[in-house]
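For ligands, and for the atoms within them, numbers begin at 1 and follow the listed sequence. Excluded from the calculations below are hydrogen atoms, water molecules and symmetry mates; all remaining heavy atoms, backbone and side chain alike, are included.
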Amino acid sequence: MHLIRTLLLFFGILFSWSAIARDFSPIPTASRMTDVDKAEVPFNLTTLKHNWKQRIAAMRAQGVMPIIDIESNLGEDLDMQSFAHRMDDEGVALIAFSGVAKGRGWSDAARYAVAADPWRYVPTGDGGLPPDWKRDPMRFAQTTKERIAIDGYPLMGEYEFRHYPSPDQIERGNLARDEDFPIDSPAGHALFRFSAESGIPFQIHLEIEDALLPPLEKMLAQYPKAKVIWCHLAQMRYQDRNTIYGPDYVRKLIKQYPNLYFDLFSGPPDHVYPSSREYPGKYWDRSTRKLKQEWAKLIADYPWRFMTALDLNPFIMRSFSNKVGMQRAVLDSLPESVREIVAYRATWKLLFNEDL
Ligand SMILES: [Zn+2]
């Protein structure tokens, strides 16, 4: 009898723990986002923020360090229900959901995502990806301005300026996506100017290369109020094209340009970029699988300028857990006092100008 009572108590505790563990926020009722009507615009950020704050608080209350992913391209085909469980299992509080226009000019995917699951996604403008951005950059920049302003997005997507083929594209034999689009082109000016005027941040993909740094700095100096997130800190795919970029250079940029931010996405420490056969993740110490000290110090000195990111796209969703693991390894490399800032508070501050 005593044994049975003990067992009942044990399973009771186990059950109530697992019930609580899944209870950060409701699981969406639709698995396909396009099965629901897209969210009304302008987005009701007051209600959404209320949900998101509750979700973050629920994670914190259960000892989970919530992560906000500032940069992912997800499509309308995402399985909303199973991915909600995966996010909860990994302690990913929010993902900045950026749609993929795929030749349609604009996708409205973020409107569907937010309507289907108003707890897990921050509506983010479509990214500057091929074919739309490449085919007619000025037109896409104009569409961006209209949609962001009218629909009330708190964040723009990632615009590809210099972009070497990504490892998953090389794997799929898609070598054509070798983008080379000047940051100081008319469309680049349009984005910087719009961000400076509206205060809405935008994200750039610009490979790290000596030759690309002066035009970027020229733009940052010309538009000091533009809020720019330079994606993928220290991801360097060709070492021989670089003699300048490193923690000292990034420190100099941070001091000089008050509205420059960095996302922290990186592949794992032992990841090799197929085309150059080099390790692109320059901030990793490959022996400890933590940040090198000089990078950890830089981030710890300016934690409000750095944000966790998963860089998801529909082709690599199987790597979700690994990607979260890499960002948690980054956080674990930092002094405890700044981890919460980098994990989610810096992003919240940048998007909503509020301290969580
Ligand atoms: Zn990128």
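- Taking the six-membered ring for Trp, Tyr279 and Trp284 have ring centres at least 6.0 Å apart.
- Tyr164 and Ser276 share no side-chain donor-acceptor pair at under 3.5 Å.
- Under 2.8 Å from the Zn ion (ligand 1) lies no N/O/S atom of Glu160, from backbone or side chain alike.
- The Zn ion (ligand 1) is closest to atom OE2 of Glu158 (considering only N, O or S atoms).
- Among the atoms of His232, an N, O or S atom is found under 2.8 Å from the Zn ion (ligand 1).
- Between the side chains of Glu71 and Ser98, no donor N or O sits under 3.5 Å from an acceptor N or O.
- Distances from the Zn ion (ligand 1) to the N/O/S atoms of His205 are shortest for ND1.
- Side-chain N or O atoms of Ser333 include one that pairs as donor or acceptor with a backbone N or O of Ala329 at under 3.5 Å.
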